[in-house]
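Here the structure is a predicted model, which is why all the values come from computation and not from measurement.
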Amino acid sequence: MKLNDTQLSQVDAQIKRLVKTDSYYGKKYRELGITDVTSQEAFEELPFSSKDDLRNAYPLGIQAVPDEEVVRIHSSSGTTGKPVIIPYTAKDVDDWAIMFARCYETAGVTKKDRVHITPGYGLWTAGIGFQAGAEKLGAMVIPMGPGNTDKQLQMMIDLESTVLTATSSYALLLAEEIDKRGLKDKIHLKKGVFGSERWSEKKRKYIKEKLGIELYDIYGLTEIYGPGIGISCDAQNGMHYWDDYVYIEIIDPKTGKTLPDGEEGEIVITTLVKEGAPLIRFRTHDISRIIPGECPCGRKHPRLDIIKGRSDDMFKVHGVNMFPSQVEELLALVDGVPSEYTINIAHDEPANKDIMLVTVEAEGRVDFEQTGRQIRDLFKSRIGVTPKITVVPVGTLPRSEKKTQRVIDHREQ
């Protein structure tokens, strides 16, 4: 999908504004002799921006406006190296709320709904984004934040929450608790708006069934406003994204070449009107594709397919490249095995070989030993490695209030 005339002029304005500043990207573009963008070809020759840039610019090197125009900062978790800090102007905050309100509207949420917010608040963009969007829409906000499941369920029942917002991992925990406590007839949930992590079809079906709700995938990342730049609709055929605020292209993650619509690759995002920290051609590492054609729902905004994973999620064992999505597709073939699993990888020094231990949950009605053999054989035939398999009862593996860490590589510790 190429830039339209309006988007091209917006990118050109962003470049011209940046080169007048002493920000990290202002200096970078001046050094490269970049002063404007006048065509699609010129745009695709612009350098990519990356999370490494943002860490190198820590703490506020990417800020492109004076301090007095910054009203808020948000930050990534910073689990690997320096955190990323993103400054927002008042317009940025309002633009984000407008996009988020659109997401709710796309999911069929109205002013009559009561939106139960479980994502975290603070430096993380999630909780406050979900809240600002609901307030912009005019819905009632129940700003719970994560944790304290007993309190969550009490408020959900007493306040008759109709919309649940969460990571899929925490939605699973709540669904399991509601099922275990026999509370399904006491809750009033109709819709779930979930984001922050990719989730398997098995997990999706389980949550939908146990909570009796319609599910919507919301997309976003800290560096680009936060969640709310796109969401799935009732057609459940990809996520509409707001192309009057962001321009999205798909690239080959190895060559960096832009791919045509319909081909799968890495999502690269350009902010068209962001003031505090505009980003041009930001590599997200998320893997998806732009879905060609119009959506059956009739909306004109373009669509991204559901996120398939991340290009940096790949891990290698015995020389074989693997992604969590492959593991989830494999487990979906096994009867009695739901969505939860963990992978631990270590190196056995005396034997000079990698050891891969996969722990999966299984329902009590199946034979654990036989299930383990089936999973091991599927790994061997479909992926080309033979891990050690441990099968445990459903509910054994830890549940997370944020993203669930699936792969723990002890070789890097």
Side-chain angles (χ1 to χ4, degrees), residues 1-18 36-40 42-44 46 49 64-65 69 74 86 88-109 125 129-130 132-138 193 195 216-235 237-251 258 261 267-282 284 286 288-295 297-305 307:
M1 184 170 292
K2 295 187 181 297
L3 291 156
N4 61 39
D5 290 344
T6 299
Q7 292 170 328
L8 183 61
S9 65
Q10 288 170 327
V11 175
D12 184 53
Q14 291 281 46
I15 293 289
K16 287 175 176 174
R17 186 167 68 86
L18 280 168
D36 58 10
V37 180
T38 57
S39 67
Q40 182 75 29
F43 173 79
E44 292 180 7
L46 292 173
S49 51
V65 294
E69 293 184 29
H74 281 294
I86 307 295
Y88 293 66
T89 66
K91 182 180 183 298
D92 293 337
V93 170
D94 194 51
D95 285 348
W96 182 20
I98 290 169
M99 284 188 281
F100 221 123
R102 277 188 199 170
C103 288
Y104 282 127
E105 289 173 334
T106 302
V109 180
T125 52
F130 279 99
E135 290 173 346
K136 179 70 75 172
L137 180 66
V193 179
Y216 299 86
D217 292 90
I218 197 164
Y219 182 59
L221 52 160
T222 299
E223 298 83 1
I224 312 289
Y225 294 100
I229 65 172
I231 194 170
S232 57
C233 62
D234 286 337
N237 187 16
M239 299 178 291
H240 293 277
Y241 62 90
W242 316 129
D243 59 339
D244 47 343
Y245 289 92
V246 295
Y247 173 72
I248 291 182
E249 55 186 319
I250 304 294
I251 66 164
T258 302
D261 291 357
I267 299 172
V268 172
I269 302 179
T270 295
T271 59
L272 298 173
V273 294
K274 203 173 186 196
E275 296 179 338
L279 289 174
I280 309 296
R281 306 197 80 200
F282 181 77
T284 68
D286 291 333
S288 185
R289 67 188 183 103
I290 291 174
I291 301 175
E294 290 193 7
C295 181
C297 79
R299 291 179 176 85
K300 302 302 181 185
H301 287 285
R303 290 168 295 153
L304 278 173
D305 207 344
I307 306 302

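Counting only distance, with no hydrogens or angles, the side chain of Asp261 and the backbone of Met1 share a donor-acceptor pair below 3.5 Å. A donor-acceptor distance shorter than 3.5 angstrom exists from the side chain of Thr271 to the backbone of Leu279, with no hydrogens or angles considered. In this structure, Thr125 contributes its side chain and Thr222 its backbone to no donor-acceptor pair below 3.5 Å. Ser49 places a side-chain N or O within 3.5 Å of a backbone atom of Ile280 that can act as its donor or acceptor partner. Using modelled atom types, no side-chain atom of Trp96 and backbone atom of Ile229 make a donor-acceptor pair closer than 3.5 Å. Judged by distance alone, the side chain of Tyr216 and the main-chain N or O of Tyr104 form no donor-acceptor pair under 3.5 Å. In this structure, Gln7 contributes its side chain and Leu272 its backbone to no donor-acceptor pair below 3.5 Å.
Atoms CD1 and CZ, from Ile224 and Phe282 in turn, are 6.0 Å apart once rounded to the nearest 0.5 Å.
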Go through the steps for Thr89 and Asp92 under the test side chain to side chain donor-acceptor pair (under 3.5 Å), then give the verdict.
-> CA-CA 5 Å; Thr89 66; Asp92 293 337; 3.2 Å; yes

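Between Arg299 and Cys233, the shortest heavy-atom distance links the atoms NH1-CB, 3.7 Å. The shortest heavy-atom contact between Cys103 and Ile231 is O-CD1, 3.4 Å. Nearest heavy atoms, Thr6 versus Asn4: N-OD1, 3.1 Å. Shortest non-hydrogen contact noted between Cys295 and Ala235 is SG-CB, 3.9 Å. Of all heavy-atom pairs spanning Pro278 and Arg17, the tightest one is CG-NH2, 3.5 Å.
Inter-residue side-chain proximity for Ile307 and Asp217 is flagged as unmet; no heavy-atom pair is nearer than 4.5 Å. No side-chain heavy atom of Ile269 sits under 4.5 Å from any side-chain heavy atom of Tyr225. The shortest distance between side-chain heavy atoms of Ser288 and Met239 does not fall below 4.5 Å. The shortest side-chain heavy-atom distance between His301 and Asp243 falls under the 4.5 Å cut-off.
Not counting sequence neighbours, the partners of Asp244 by the side chain to side chain donor-acceptor pair (under 3.5 Å) test are Arg102. A search for side-chain contact (heavy atoms from CB on, under 4.5 Å) contacts involving Ala42 returns Val37, Ser39, not counting sequence neighbours.
Just one residue in the list Gln10, Lys16, Gln14 forms a side chain to side chain donor-acceptor pair (under 3.5 Å) with Asp12, and that residue is Lys16.
Using a 4.0 Å cut-off between charged side-chain N and carboxylate O, Asp305 and Arg289 make a salt bridge.
Residue pairs satisfying the salt bridge (charged side-chain N to carboxylate O under 4.0 Å, His left out) criterion with at least one member in residues 272-281, sequence neighbours excluded, are listed as follows: Glu249-Arg281.
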